[in-house]
Amino acid sequence: MSRAPVPGGGLKTLGANGSDGYLEKLAKYVPVEGLAPFVAVAALAGKDWQLWVSFGCALLLGIGLIAVQVKKQTEKPGMWFWPFVVIAFVAWSIGASDDFRKMLDVSVDTSNWILAISAVALPGFDSILDELTN
């Protein structure tokens, strides 16, 4: 399974042409490539600058790994996919790292809300934009 959504599925589930629908995109917007190392390294960071460097490195790692997978795909995701990847990474980082959440002075309730909204909305917006541009 490629980590980048395959365009053409719109709001339906997996299309006949192998495109991704909303449910497939929902799973693909969990940025595990960068999130897993970030959470582990963030727990070791003792200073704010170390946390920011860890965040930046993990974000770049995640984007790089996804870019390699996208390059191998015949169907490329829409241009909006890349900003959505960054938004998803930030939302999941706030939700998954207590240290990052505290550094940004975001409450647990707010971080849970940010994560829930982005987890549900990003794949939906991706599907809507895919429908409107195809």
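Numbering of residues begins at 1 and proceeds along the displayed sequence.
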Across all chains, not counting sequence neighbours, the side chain to side chain contact (heavy atoms under 4.5 Å, CB included) partners of Ser107 are Asp109, Thr110
Across all chains, not counting sequence neighbours, the side chain to side chain contact (heavy atoms under 4.5 Å, CB included) partners of Asn112 are Val108
Please tabulate, for side-chain N and O atoms in residues 113-120, each donor-acceptor pair with protein atoms closer than 3.5 Å (sequence neighbours left out).
from   : atom 1 : to     : atom 2 : distance (Å)
Ser118 : OG     : Ile114 : O      : 3.1
Ser118 : OG     : Leu115 : O      : 3.2

Might you point out which heavy atoms bring Lys71 and Lys76 nearest each other, and give the distance in Å?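 Scanning both residues, the minimum pair turns out to be O-NZ, 3.0 Å.
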Any idea which heavy atoms bring Phe81 and Asp126 closest together, and the distance? CD1-OD2, 4.4 Å
Can you tell if the side chain of Lys25 reaches within under 4.5 Å of the side chain of Asp130, non-hydrogen atoms only? yes
Linking directly or through intermediates, with side-chain heavy atoms under 4.5 Å: list the remaining ILVMFWY members grouped with Val41, chain and number order. none
Scan the side chains in residues 44-67 for donor-acceptor partners under 3.5 Å anywhere in the protein, sequence neighbours excluded, and list what turns up.
from  : atom 1 : to    : atom 2 : distance (Å)
Gln50 : OE1    : Gly46 : N      : 2.7
Gln50 : OE1    : Lys47 : N      : 3.0
Ser54 : OG     : Gln50 : O      : 2.7

Output a table of donor-acceptor pairs, distance under 3.5 Å, between side-chain atoms of residues 83-100 and any protein atom two or more places apart or on a different chain; print 'none' if there are none.
from  : atom 1 : to     : atom 2 : distance (Å)
Ser93 : OG     : Phe89  : O      : 2.7
Ser97 : OG     : Phe100 : N      : 3.1
Asp98 : OD1    : Arg101 : NH2    : 2.9
Asp98 : OD2    : Lys102 : NZ     : 3.0

